[in-house]
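Accompanying notes for the structure given below.
Both counts, for ligands and for their atoms, begin at 1 and track the order of listing.
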Amino acid sequence: MEEKKSFLKEKIDINSPNKNIVPISTSIGSDGKLSIGGCSIEELVKRYDSPLYILDEITLRKSCRAYKKALEKYYPGKSLPIYASKANSSIFMSNLVASEGFGLDAVSEGELLTALKGGVPNKHIVFHGNNKSDKEIEFAVKNNIKVIVDNDYDLERLEELSNSFDQDLEIMIRFTPGIECHTHEYIRTGSFDSKFGFGIEYLNNLFARISNIKHLKLKGIHAHIGSQIFELDPHKDLGEIMVNVILEAKKFGHDIEELNVGGGLGIKYTENDDPPSIDEWVKTISTSIVKACKKQNIDLPTLMCEPGRSIVSTAGITIYKIGAFKEIPGITTYLSVDGGMSDNPRPITYQSNYSACLVSNPFNFNSKKKYTIAGKHCESGDVLFKEIELADCKTGDLICVFGTGAYNNSMSSNYNRIPRPAALLVFDGEAEVIQKRESPLDLLRYDVLPDRFIKQN
Ligand code: LLP
């Protein structure tokens, strides 16, 4: 049998999972089929059906520990890594990151509630967002969760709340440092035209204003420059810029104790991707801050960072079952699967690329042709892969897509009234449900037929 080169044969880096395409516990059973966390994927699908999201606990924990270890090494005793829960928010994920000593970044009441339910300590949660509702801000304040002030509207409402509760509040402010980086324009946030945060040129006014607000204490500053970034220089520059902002704030009497550099480290989705390791990323940012603080002769602030994708993406895979084939001679062969843009909107939204293989033939023995893998939604653009080489396959075979732990489940929808997949956690030969599969009936829960329509029919 002819054996193709396969990403599954690449050496796995256990110290920086974002540098791998596959989860750390990926293996090929004696039957030649794919397994993860010691569980046969075919068996999992027999039991839990498809499509199926699966998270590998070892990869998740190794990713968290890589951040912790690097922070201890390059920024000892003064850091807090914070998981950006938008990447994959669940009670389980909140619980796991808390157990690894992480805080959590939330951007809605839903994410805040999930974090609290998952056991993340209030004091380790930060609340972001460019348009927080009154209810959300109140919820955060009442729960002693630190709000990251994104704009004047946030500031006004926090001033009012702190006055009405006659309570001192610690806040952070978010600003746009004016750093460009090479990533998709939808996920670039540090440039001057971003919708997030205060423009850096406005900060002096802001510092003066906060000095006059009785109950607000400016505890920290925040910036996030974008996502899926492979360069290190933008984060090096960010460290220096942020230390300069601390100096400026001092002139207005603010002692900034916390410096939050956001997230953004990229992961390896395909063989062409080569992101830096977690260690390199943390080293770059830490060294830049330490150096700048030394130069300016100021105390080191507490360093916070907010990784999302690089914690959870590589830990996740999605399993689909192949249904219909459509061969268009001279053009392509469509192979349709039982999920698509509702469980993974990234290809249609950002033209994102992934890696995939057949569960029953992961090394691609006897691969002969290329396929276009289509989702099942009523939308021509619902295509997960264009022209991917796969082993010979047939209806009923399973496909595994790698790197789907981040921004898949959390960005999923019920388009075409398609229920969301179940999600499993695998570890040491055991699989546990962390999200139940939705049923079509679940999707009717919030539909209401007004009484007069019931009478008419
Ligand atoms: N902190 C803030 C304030 C953020 O806005 C984000 C991501 C992060 C941290 C985490 O960034 P990460 O480490 O995951 O790169 N839906 C897009 C990604 C949007 C990212 C939004 N903000 C995607 O699927 O690629």
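- Which parts of ligand 1 touch Gly263 is read off a 4.0 Å heavy-atom cut-off, strictly below it: atoms 9 (C), 13 (O).
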message: Between Ser288 and His235, does the side chain to side chain donor-acceptor pair (under 3.5 Å) criterion hold? Intermediate values first, please.
response: CA-CA 8 Å; Ser288 138; His235 279 98; over 6 Å; no
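- Residue Gly308 places at least one N or O, backbone or side chain, under 3.5 Å from an N or O of ligand 1.
- Within the 6.0 Å centre-distance limit, the rings of His222 and His128 are counted as a close aromatic pair.
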task: Under the side chain to side chain donor-acceptor pair (under 3.5 Å) rule, what do Arg346 and Thr404 come out as? Steps first, then yes or no, please.
output: CA-CA 10 Å; Arg346 297 191 73 257; Thr404 59; over 6 Å; no
task: I would like to know whether Thr332 and Thr372 meet side chain to side chain donor-acceptor pair (under 3.5 Å); could you show each step before the answer?
output: CA-CA 7 Å; Thr332 191; Thr372 296; 2.8 Å; yes
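- Among Ser352, Pro345, Ser227, the residue whose heavy atom sits closest to atom 12 (P) of ligand 1 is Ser227.
- Side-chain N/O atoms of Ser27 and Ser35 include a donor and acceptor closer than 3.5 Å.
- For atom 5 (O) of ligand 1, the candidate residues are His128, Arg309, His222, Lys86; the nearest heavy-atom contact is made by Lys86.
- Cation-pi geometry between Arg309 and Tyr407 is not met at under 6.0 angstrom from the ring centre and within 45 degrees of the axis.
- The parts of Glu306 lying near ligand 1 are both backbone and side chain, judged by heavy-atom distances below 4.0 Å.
- A donor atom on one side chain and an acceptor atom on the other are not found under 3.5 Å apart for Asn344 and Tyr320.
- Checked against a 3.5 angstrom limit, the closest N/O atoms of Arg174 and ligand 1 fall outside it.
- Taking every non-hydrogen atom of Met411 and a distance limit under 4.0 Å, the qualifying atoms of ligand 1 come out as 16 (N), 24 (O).
- Backbone and side-chain nitrogen or oxygen atoms of Gly264 are examined, and one is located within less than 3.5 angstrom of a nitrogen or oxygen of ligand 1.
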message: Before you tell me yes or no, could you show the steps for Glu379 and Tyr415 under side chain to side chain donor-acceptor pair (under 3.5 Å), namely the whole-Å CA-CA distance, both residues' side-chain angles and the distance that decides it to 0.1 Å?
response: CA-CA 10 Å; Glu379 178 113 0; Tyr415 182 41; 2.9 Å; yes
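- At a heavy-atom cutoff of 4.0 Å, ligand 1 is contacted by the side chain of Asp105 but not by its backbone.
- For Phe198 and Phe175, the ring centers are positioned 6.0 Å apart or more.
- Residue contacts with ligand 1: Ser310 is excluded, as none of its non-hydrogen atoms falls under 4.0 Å.
- Contact annotation: for Tyr350 versus ligand 1, heavy atoms closer than 4.0 Å belong to the side chain alone.
- In the vicinity of Ala84, heavy-atom distances shorter than 4.0 Å reach the ligand 1 atoms 8 (C), 9 (C), 10 (C).
- Contacts between Pro307 and ligand 1, counted as non-hydrogen atom pairs separated by less than 4.0 Å, involve the backbone only.
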